[in-house]
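First the structure, in the form of structure tokens, and then the observations on it.
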Amino acid sequence: RACGSQASYTWADLSQTRPSLPPSVLNKPRRLKMPYDVAKSSGKWKHHSHSDNYPQIMEKLGYPAEMFEKLKQMEFPVESKMEGNVMTSKVDFDGKKMENSYTLGEEGEETDPAGKKRKVTYTMEGDNLVSVYPDYDGKGLHVRTSRHFADDNTIHTDIKIGDLEGWTRSQRC
């Protein structure tokens, strides 16, 4: 399946199960909620789209503009699994292999592609996998990301850095 293919559903698609809903509700596109399936995030992914302010988000996180341009072109393999409440993620990012394990609900340590370590807490909130970095840059920068599957081949990530908010979407390749 090529990057960029995605399924889209509206409430009208589900009208056979709820025929009493008015057309104004049935025709609105809505995100169908399902629990975040960590194992489903395994595969090869590519940056698909982002909020208009995503370059400012990358800058606030300390990434140079050329890294943002490179990120838009990269494909990166991910292997994720969940055993009990321990999540393990292996990512090959620009030739650098990272493996991190987290216990949900407990603060742990994460190593990024540059080898920088930072404290993070992962939790499940409904159909979202949420990560909170209380001190992302060592200067008190608070970062929160919330990921969910928009469909089987798209991960939507909301990002909040201080008072700056944005989003990005990744597509399965």
Side-chain angles (χ1 to χ4, degrees), residues 1-22 24-54 57-58 61 71-72 75-91 93 98-110 112 118-134 136 142-173:
R1 184 174 267 172
C3 282
S5 63
Q6 71 181 53
S8 178
Y9 302 98
T10 67
W11 285 108
D13 297 329
L14 305 174
S15 64
Q16 288 77 20
T17 61
R18 303 279 315 258
S20 61
L21 293 173
S24 62
V25 171
L26 290 175
N27 294 324
K28 285 185 179 178
R30 307 244 180 171
R31 180 168 66 91
L32 301 176
K33 289 194 171 200
M34 60 186 115
Y36 190 88
D37 183 349
V38 171
K40 190 164 83 172
S41 65
S42 290
K44 191 178 279 190
W45 295 88
K46 183 174 178 153
H47 179 87
H48 178 261
S49 57
H50 55 269
S51 56
D52 290 341
N53 66 345
Y54 198 67
I57 289 170
M58 294 291 286
L61 290 174
L71 174 69
K72 291 192 305 187
E75 292 182 3
F76 44 96
V78 175
E79 183 183 326
S80 300
K81 66 181 178 178
M82 189 78 173
E83 293 178 348
N85 64 343
V86 176
M87 179 180 74
T88 302
S89 179
K90 295 178 185 177
V91 180
F93 189 82
M98 302 171 297
E99 181 174 347
N100 290 292
S101 290
Y102 318 93
T103 301
L104 292 180
E106 295 180 13
E107 186 175 70
E109 193 171 73
E110 177 179 89
D112 72 10
R118 59 183 54 93
K119 299 290 184 187
V120 61
T121 302
Y122 278 84
T123 57
M124 294 283 191
E125 295 180 11
D127 63 341
N128 291 280
L129 176 63
V130 176
S131 52
V132 175
Y133 302 84
Y136 187 87
H142 186 270
V143 176
R144 181 182 196 275
T145 66
S146 178
R147 299 167 192 79
H148 68 265
F149 284 94
D151 61 47
D152 285 343
N153 296 305
T154 309
I155 296 177
H156 178 94
T157 304
D158 290 306
I159 306 163
K160 183 170 183 177
I161 304 168
D163 59 353
L164 183 61
E165 295 184 34
W167 58 270
T168 185
R169 281 187 171 222
S170 298
Q171 291 274 276
R172 188 182 306 274
C173 297

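In what follows, every heavy atom counts, from backbone to side chain, and hydrogens, waters and symmetry copies are set aside.
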Q: Check step by step if side-chain contact (heavy atoms from CB on, under 4.5 Å) holds for Met124 and Val38.
A: CA-CA 10 Å; Met124 294 283 191; Val38 171; 3.6 Å; yes
For residues [X] and [Y], determine if any side-chain heavy atom of one lies less than 4.5 Å from a side-chain heavy atom of the other.
{"X": "Tyr122", "Y": "Val130", "result": "no"}
{"X": "Ile159", "Y": "Tyr54", "result": "yes"}
{"X": "Asp158", "Y": "Glu165", "result": "no"}
{"X": "Arg147", "Y": "Ser131", "result": "yes"}
{"X": "Ile57", "Y": "Ser51", "result": "yes"}

Q. Is the number of heavy atoms from other residues, nucleotides or ligands within 6.0 Å of NZ (Lys81) greater than 12?
A. no
Q) Among all residues two or more places apart in sequence or in another chain, which pass the side chain to side chain donor-acceptor pair (under 3.5 Å) test with His50? A) His47
(Q) Strictly distance-based, threshold 3.5 Å: is any side-chain N or O of Arg118 a donor or acceptor partner for the main-chain N or O of Tyr136? (A)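 Yes; judged by distance alone, with no hydrogens or angles, the pair exists.
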To the nearest 0.5 Å, what is the distance between [atom1] on [X] and [atom2] on [Y]?
{"X": "Trp167", "Y": "Asn53", "atom1": "CH2", "atom2": "CG", "value": "10.0 Å"}
{"X": "Asn85", "Y": "Thr123", "atom1": "CG", "atom2": "OG1", "value": "12.0 Å"}
{"X": "Asp112", "Y": "Met98", "atom1": "CG", "atom2": "CE", "value": "7.5 Å"}

Return all side-chain donor-acceptor pairs below 3.5 angstrom for residues 101-108, not counting sequence neighbours, or 'none' if the list is empty.
residue	atom	partner	partner atom	Å
Ser101	OG	Thr88	OG1	3.0
Tyr102	OH	Glu110	OE2	2.7

Q | Contact summary for Asn153 and Trp45, nearest pair of heavy atoms | A |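 Heavy atoms only, the tightest pair is O-CZ3, 3.6 Å.
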Q | Closest heavy-atom pair and its distance - Phe149, Arg172 | A |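 In this case the closest contact between Phe149 and Arg172 is CE2-NH2, 4.3 Å.
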Q) Would Thr168 and Thr157 count as a side-chain hydrogen bond (donor to acceptor under 3.5 Å, both in side chains) if you check the C-alpha gap in whole Å, the side-chain angles of each, and the deciding distance to 0.1 Å? A) CA-CA 5 Å; Thr168 185; Thr157 304; over 6 Å; no
